[in-house]
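Reading through the structure tokens given below for one structure.
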Amino acid sequence: MLKDCLEIFEAELERTKKRFGDSDRLILDEYILADGDYLVVEKNGEIRQCSVRMDKKTRTVERIPVDDKLYERICFYDYHSRLVSMDKPQDTKKVIHSNSYLAFWVKWDSFDNGKLNEEAIDRYFDILKDPREKYKKSQDRKMYDYIAKKIGEVDQKKLEKKREWIKGHIFGLDELELNRKNYLKIFFAEEPKLYVQEEQRYVMTKIFNKNDYNVEIDGQIYGLSNDNLGLNSKKPYLEKKTRKMTIPYLITPEEAIRQRKFFDYLMNKANAGETDIFFDYDEKKIISKKRDQMVEGDFSGYFLKIQKGKELEIHHQDTIVDYKYFLKKKFLYRNVIGAEDREGKYKEYVNRQGLQEIVNEVFYSKWLTGNYFTPEDEMSIDGELKRILIWSREAVFAWLYKGREVGMDRILHTVAKNVIKESIKNGYMGKVVQQFNLMCSFDEYFGGCNMADRYSEIREKLRDKINCRGEQIIESDEEYFYAVGQLVRYYISLSKAKEKTHSLANPFFNATSNEVLQTRLKQYFMKYNHEIATRSSRFNYMYGMVLGYELEGKIRQEPIIAGYLSNSLFYESSKKEMEET
């Protein structure tokens, strides 16, 4: 799949080249500098400076001074002066982090701890002066000779001039107003072509995972990719043991360079907080989104979930077929049991973005969208909600982002039941009502009946039955369970305890048989009957109907919860009088 994504990336590069004359603009226009102080030494000796800091909340770069042309130059210099990774430095002691004599990168704390000294400076420039001395192994030397034939040898005069400047100025920058945080990066003004050339001198020897794996076929060098792959003696399981050549796959240096640019592009996106990357194979374009945003339109292609680490990390990848942003059937979030709607949640939702937002907030207390792919041990939540999230997040993501609905009715219903129980246990009754309403709305959306109308009908029937004279009976299992819920809430309202917690209802929600349910109802009656007047006709009728009903089906928690959450029929006012209890 990576190869397919690379083809779409190459199409983007080609479009950029046609538009601007330089395909690297696709990367450089969104390139984000690391926090630090940047100095450009002009050819006339003038020093121009820029301090950069990333605002981690807004993901925007703050820079002083705001000089767009200078910033663009620094981005270019910086991009072409990077190491492939800290495992492949020019400076063997990793004090200096740049890749050529045109740049000098060092962390500010290396000044304080004494790691940066004249010895370190000479060590760096001596390596750059004669690269062949560094590459003792035949395969490493072959890679260097491969690029040296194309770009020529190092310009010794320029190198020594840069060495002299660094040694003469690096420890005397006090007159400059620098932040002295994170990095100090110094660049020497030279033609862009020279920066690219010296980058190639370094990169071509480091572009593969390890040159020991390289092979030459018909004069063409092939090597193992260095991106998102770490084959070494400690990871023999990555080798293809059933093949004569056990290396997973080999690519040319040119392919490796393109792949590096691809990962550079992805790193830009990760730095900007855009970690969801969509590759449209119909339009041959790339769409990047922040973690809780979706593609707003039809889409077919590939999806990568990325994250910035020591290097660009791909945490998830998949193929998406025929994704539709707008729902084929609108989702109606019904106010099934009466609830306040100050925030306007109870309405129609027409797209996946709105659907995700309501699911994230109501079922997952806003923990879902930021944790689709978070490792379990890195989650900052615990308990039942964490268990529910881990169990369901993969399926919910596939439903919302990939359009896979199979089994979602069962999964969402299970999620809802568990979060409702957890909210009741913690006394979050406002949440419980929203969660119950959302559960019923999804049941209807996936083919069930309109529970708002159904519970309204049940409630009306029970109201008539407990307010009229004469013998009445419960007519269905659903009506029975709803009545049980009403009774449980009524019993708890009679408690004289200082702290009335809704967890008192859990024995009824967790009942596994009607015998258990009836037994617990009798226990609560015995516990609270001293608070119930014998003339409480509404209670007498309701309890009598419940005791006399023979259950036909299995225990169902939802209508019990619905009855429990709904306003009490026992306390409703009548035209004659308020019931005395």
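Note that the coordinates shown come from a computational prediction; the quantities given were computed from them, not determined experimentally. The first residue of the sequence shown is numbered 1, and numbering continues consecutively from there.
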Going through the distances and angles, do Y323 and R352 end up as a side-chain contact (heavy atoms from CB on, under 4.5 Å)?
CA-CA 10 Å; Y323 163 92; R352 294 181 184 275; 3.4 Å; yes
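- Annotation: K329, atom NZ; neighbour count of heavy atoms from other residues, nucleotides and ligands within 6.0 Å is above 12.
- Here V406 pairs with nothing under the side chain to side chain contact (heavy atoms under 4.5 Å, CB included) rule; sequence neighbours left out.
- Listed for the D477 side chain is a donor-acceptor partner under 3.5 Å among the backbone atoms of G553.
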Please evaluate residues F508 and Y524 with respect to the criterion ring pair (Phe, Tyr, Trp, His ring centres under 6.0 Å), reporting the C-alpha separation (whole Å), side-chain torsions for both, the decisive distance (0.1 Å), and the verdict.
CA-CA 11 Å; F508 298 91; Y524 270 50; 4.9 Å; yes
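- Side-chain atoms of E30 do not come within 3.5 Å of backbone N or O of A272 as any donor-acceptor pair.
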N/O donor-acceptor pairs under 3.5 Å from side chains in residues 556-565, not counting sequence neighbours:
unit_1 : atom_1 : unit_2 : atom_2 : d
Q557   : NE2    : F509   : O      : 2.7
E558   : OE2    : H413   : NE2    : 2.2
Y564   : OH     : H502   : ND1    : 2.6

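- Within the structure, every pair that satisfies the ring pair (Phe, Tyr, Trp, His ring centres under 6.0 Å) test and touches residues 330-356, not counting sequence neighbours, is listed here: F331-F442, F331-Y445, Y333-Y346.
- At a threshold of 4.0 Å, the pair R63-D35 does not count as salt-bridged, since none of the basic side-chain nitrogens sits closer than that to a carboxylate oxygen.
- The backbone N or O of L368 sits less than 3.5 Å from a side-chain atom of N360, completing a donor-acceptor pair.
- No side-chain donor-acceptor contact under 3.5 Å links E311 and S85.
- Side-chain rings of Y490 and Y571 approach one another, their centers coming within less than 6.0 Å.
- A side-chain donor-acceptor contact under 3.5 Å links N450 to the backbone of D453.
- When the ring pair (Phe, Tyr, Trp, His ring centres under 6.0 Å) test is applied to Y364, no partner is found at least two apart in sequence or on another chain.
- Counted by atom type alone, R393 and N371 present zero donor-acceptor pairs between their side chains at under 3.5 Å.
- Between R82 and D264, at least one side-chain nitrogen of the basic residue sits less than 4.0 Å from a carboxylate oxygen of the acidic one, meeting the salt-bridge criterion.
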Start with the C-alpha gap between N510 and K421, add the side-chain angles, then the distance that decides, and say whether side-chain contact (heavy atoms from CB on, under 4.5 Å) holds.
CA-CA 9 Å; N510 297 325; K421 288 181 183 178; 3.5 Å; yes
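- Using a 4.0 Å cut-off between charged side-chain N and carboxylate O, E457 and K461 make a salt bridge.
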Using the side-chain contact (heavy atoms from CB on, under 4.5 Å) rule, take M379 and L389 through it: C-alpha gap first, then chi angles, then the decisive distance, then the call.
CA-CA 10 Å; M379 288 186 178; L389 176 58; 4.1 Å; yes
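- No donor-acceptor pair closer than 3.5 Å links the side chain of S495 to the backbone N or O of I492.
- Of the possible polar contacts, one joining the Q435 side chain to the V362 backbone as a donor-acceptor pair under 3.5 Å is found.
- N271 and K308 share a donor-acceptor pair across their side chains, judged by distance under 3.5 Å alone.
- Partners of Y480 under the ring pair (Phe, Tyr, Trp, His ring centres under 6.0 Å) rule, at least two apart in sequence or in another chain, are Y549.
- Across Y71 and V52, no two heavy atoms sit closer than the pair CE1-CG2, 4.3 Å.
- Looking at residues two or more places apart in sequence or on another chain, you find a ring pair (Phe, Tyr, Trp, His ring centres under 6.0 Å) between Y401 and Y372, F397.
- Residue L547 places its CG atom among more than 12 non-hydrogen atoms of other residues, nucleotides or ligands, all under 6.0 Å distant.
- Legend: residues meeting side chain to side chain contact (heavy atoms under 4.5 Å, CB included) with M86, ordered by chain and number and at least two apart, are L83, K94, H97.
- Under the 6.0 Å cut-off for aromatic ring centres, H316 and F373 qualify, their centroids lying closer than that.
- Remark: K522 fails to qualify as a cation-pi partner of F525 under the 6.0 Å distance and 45° angle criteria applied to the six-membered ring.
- The backbone N or O of G36 lies less than 3.5 Å from no partner atom in the side chain of N182, so there is not a single donor-acceptor pair.
- The backbone N or O of Y428 lies less than 3.5 Å from no partner atom in the side chain of N426, so there is not a single donor-acceptor pair.
- When side chains are defined from C-beta on, K269 counts as touching I306, because their heavy atoms get closer than 4.5 Å.
- Ion pairing between a basic and an acidic side chain is recognised when a charged N comes within 4.0 Å of a carboxylate O; E475 and K465 show such pairing.
- Between E422 and K431 there is no salt bridge, since none of the side-chain N atoms of the basic residue sits less than 4.0 Å from a carboxylate O of the acidic one.
- Take D298 and apply the side chain to side chain contact (heavy atoms under 4.5 Å, CB included) test, not counting sequence neighbours, and it matches K324.
- Within 6.0 Å of the CZ atom in R291, the count of heavy atoms belonging to other residues, nucleotides or ligands does not exceed 12.
- A heavy-atom distance below 4.5 Å is found between the side chains of L304 and M1.
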So E478 and R454, salt bridge (Lys or Arg N to Asp or Glu O under 4.0 Å) or not? Walk me through it.
CA-CA 9 Å; E478 265 187 325; R454 180 67 182 135; 2.6 Å; yes
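- Taking a cutoff of 4.0 Å between a charged side-chain nitrogen and a carboxylate oxygen, K290 and D276 do not qualify as a salt bridge.
- For the pair E14 and K17, the salt-bridge criterion is not met [side-chain N within less than 4.0 Å of a carboxylate O].
- For the atom pair CZ (F326) and CD (Q353), the distance works out to 11.0 Å, reported to the nearest 0.5 Å.
- Listed by chain and number, the residues in a salt bridge (Lys or Arg N to Asp or Glu O under 4.0 Å) with R489 amount to none (sequence neighbours excluded).
- Within 6.0 Å of the CD atom in E394, the count of heavy atoms belonging to other residues, nucleotides or ligands does not exceed 12.
- With a 6.0 Å radius and a threshold of 12 heavy atoms from other residues, nucleotides or ligands, R15 has its CZ atom above the threshold.
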Go through it in stages, so that I can follow the logic: the residues are I314 and K305, the test is side-chain contact (heavy atoms from CB on, under 4.5 Å), and I'd like the CA-CA distance, side-chain angles, deciding distance and then a yes or no.
CA-CA 6 Å; I314 297 177; K305 178 69 176 183; over 6 Å; no
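- Distance check, rounded to the nearest 0.5 Å: CG of L569 to CD of Q486 gives 4.0 Å.
- Applying the side chain to side chain donor-acceptor pair (under 3.5 Å) rule to T60 yields the partners T58; only residues at least two apart in sequence or on another chain are considered.
- Distance check: D443 CG to M439 CE gives 6.0 Å after rounding to the nearest 0.5 Å.
- Nearest heavy-atom pair across I555 and A511 is CG2-O, 3.4 Å.
- For Y302, the ring pair (Phe, Tyr, Trp, His ring centres under 6.0 Å) partners at least two apart in sequence or on another chain are Y281.
- Inter-residue side-chain proximity for K386 and I390 is flagged as met; some heavy-atom pair is nearer than 4.5 Å.
- Under the side chain to side chain contact (heavy atoms under 4.5 Å, CB included) criterion, Y541 pairs with I466, R469, S537, not counting sequence neighbours.
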